[in-house]
Asker: 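The following block contains the structure, expressed as structure tokens.
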Amino acid sequence: MALDINKIRNDFPILKQMVHNRPLVYFDNAATTQKPVKVIESMDRIYRETNSNIHRGVHHLSDLTTRHFEEARETIRKFINARHDHEIIFTPGTTAGINLVAFSFGEKYVRQGDEIIISAIEHHSNIVPWQMLCERKGAKLKIIPINDHGELLMDQYEMLFSSETRLVALTHVANSIGTINPVKKMIETAHRHEVPVLIDGAQAVQHGRVDVQDLDADFYIFSGHKMYGPTGIGVLYGKEAILDELPPYQTGGEMVDQVSFEKTTFNRLPFKFEAGTPNYIGGIGLAAAADYLQETGLDEIAAREKDLLEYGNKRLAEIGGLHLFGEAGNKISIMSFILDDIHPYDAGMIIDKYGIAVRTGNHCAQPFMERFGIRGTIRASLVFYNTHQEIDLLCEAVEKVKQMFN
Ligand code: PMP
């Protein structure tokens, strides 16, 4: 069933405001999404009614908040269909989750001469932690190349494996141009070589169903703030058997079992990887976001966003001097483009004056920009609360930009 767009827009109070005396058009969703009332209220309720530090508290409020937090973990488990609650590690976000694995997995399994495979369309957060690990260990980064549409070259991927390959770290969806990578197939390939796979799901979980068991991902990582949840919270899913073997990343309170000045033993999963007071309010807000997505319907969301992408691509293609990047056959509703002889930053500044929020620059994907010989793009990232009328307004604003520069 099609989504009721009036109801949906009412769920997001921020969308009602005026910017520069025009109705806000929010097309910066790949950077962060707006929050529905359900998420805002879930966190507000905890602060007003039950706030107390979690775990090990014997008093009423601590017990209630602990229960809410652990229920949130179960909600997230169901959201991505993990096998066990304790495979869900709360982190501050995608970057933090990738760094955790780069450290803990790297400490345990990566040695001099080993190799790690990433792709040419990764976010900096899925490049730099591996580069640093390689520098620390004397290991080597290998890169899956892309074609002109921004799709990974599968035959080249297969050829990158060697007996030294220790891990593949790959984005599910590229934030710069929206390509959806065939991760299930790519995981199968890696497993044939007995190599585990980490998937950066920061741009994927908010656009359609993700089932980590069906994908057979070894690690799957995402951020709350990009899936209509709060900032400062994210999820690292890892298979129990692998997480059990890894050493802890950060250390301190919560993640310990017994501490003496001679020796410390560590807590069981998931707590081994959640040092310090966790962002329990964020975790509860994130679960509310997952509930909101489920109630709205991930299939319905995907269908609406596909329609928006088709309409947006068609309308933008009508504008002379506009070049779209990333025309992968399978992609999410991101339109990344440049305008002849106009710097993306200048265009973005003018587009903002029409109340339209787009992002300009390299989108934390400098190697991708280099591949195409550009400095950056103007990126309009749309989600299900956006409309055809908003796309029309963007097209009008782009025409105005062109007029001003001519
Ligand atoms: N990976 C991808 C694909 C992203 O789009 C982003 C955020 N733009 C990140 C990682 C990093 O996410 P965060 O800033 O929430 O840690």
Side-chain angles (χ1 to χ4, degrees), residues 26-35 39 76 89-103 118-132 143-144 146 150-152 168-183 186 197-208 210 215 217 219-237 249-250 279 282-283 285-286 289-290 305 325-326 328 330-336 357-369 376-383:
Y26 187 75
F27 281 167
D28 195 17
N29 295 289
T32 201
T33 50
Q34 300 302 349
K35 318 303 168 198
V39 168
I76 299 300
I89 314 289
F90 283 113
T91 68
T94 303
T95 307
I98 295 171
N99 273 278
L100 189 161
V101 178
F103 178 83
I118 64 170
S119 89
I121 41 173
E122 299 304 321
H123 186 279
H124 293 163
S125 289
N126 201 32
I127 301 173
V128 186
W130 306 115
Q131 211 163 40
M132 302 283 289
I143 316 293
I144 313 162
I146 46 176
E151 295 161 322
L152 300 181
V168 174
L170 186 66
T171 196
H172 194 163
V173 173
N175 73 309
S176 49
I177 48 168
T179 308
I180 303 174
N181 289 324
V183 288
M186 295 179 78
V197 182
L198 173 148
I199 300 293
D200 170 354
Q203 297 291 346
V205 281
Q206 62 279 50
H207 296 292
V210 167
L215 291 176
F219 301 102
Y220 196 97
I221 298 178
F222 53 98
S223 295
H225 70 99
K226 291 183 196 285
M227 56 167 277
Y228 311 98
T231 51
I233 188 81
V235 171
L236 157 63
Y237 157 80
Y249 174 44
Q250 294 187 321
N279 181 0
L286 179 56
E305 292 178 351
F325 283 87
N330 194 14
K331 61 176 283 185
I332 58 152
S333 39
I334 284 182
M335 294 178 292
S336 221
V358 290
R359 189 147 293 249
T360 59
N362 61 48
H363 318 302
C364 292
Q366 284 178 28
F368 170 82
M369 299 297 154
T377 68
I378 303 156
R379 182 184 71 183
S381 49
L382 281 56
V383 295

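These figures come from a predicted structure and were not determined experimentally. Order of appearance sets the numbers: ligands from 1, and atoms from 1 within every ligand.
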Asker: Looking only at heavy atoms of H225, does any of them come nearer than 4.0 Å to an atom of ligand 1?
Answerer: yes
Asker: For ligand 1, which atoms, with element, lie under 4.0 Å from some heavy atom of N175?
Answerer: 5 (O)
Asker: Compare every heavy atom of V39 with every heavy atom of Y228, then report the nearest pair and how far apart it is.
Answerer: O-CG2, 3.4 Å
Asker: Could you tell me whether a side-chain N or O of K226 sits under 3.5 Å from a main-chain N or O of G224, the two making a donor and an acceptor?
Answerer: no
Asker: Starting from atom 1 (N) of ligand 1, what is the nearest protein heavy atom, named by residue and atom, and what distance separates them?
Answerer: D200 OD2, 2.5 Å
Asker: Relative to the heavy atoms of T171, which atoms of ligand 1 are at a distance of less than 4.0 Å?
Answerer: 3 (C)
Asker: Show the atoms of ligand 1 that are less than 4.0 angstrom away from any heavy atom in Q203.
Answerer: 3 (C), 4 (C), 5 (O)
Asker: I'd like to check which ligand 1 atoms, numbered from 1 as shown, lie under 4.0 Å from a non-hydrogen atom of S223.
Answerer: 12 (O), 13 (P), 15 (O), 16 (O)
Asker: Measure the distance from atom 16 (O) of ligand 1 to every protein heavy atom, then report the residue, atom name and distance (to 0.1 Å) of the closest one.
Answerer: T95 OG1, 2.6 Å
Asker: Which residues pass the side-chain hydrogen bond (donor to acceptor under 3.5 Å, both in side chains) test with S176, not counting sequence neighbours?
Answerer: none
Asker: Which residue, T94, T91, T231, T32, forms the side chain to side chain donor-acceptor pair (under 3.5 Å) with S223?
Answerer: T94
Asker: For S381, give me all partners under side-chain hydrogen bond (donor to acceptor under 3.5 Å, both in side chains), at least two apart in sequence or on another chain.
Answerer: none
Asker: Checking Q206 side chain against A204 main chain: does a donor-acceptor pair fall under 3.5 Å?
Answerer: yes
Asker: Has N181 got a side-chain atom pairing as donor or acceptor with T171's backbone, closer than 3.5 angstrom?
Answerer: yes
Asker: Output yes when the distance from some N or O of ligand 1 to some N or O of S125 is under 3.5 Å, and no in every other case.
Answerer: no
Asker: Atom 4 (C) of ligand 1: which protein heavy atom is closest, and how many Å away?
Answerer: H123 CD2, 3.4 Å
Asker: Considering heavy atoms of the protein only, find what lies nearest to atom 8 (N) of ligand 1 and give residue, atom and distance to 0.1 Å.
Answerer: K226 NZ, 2.7 Å
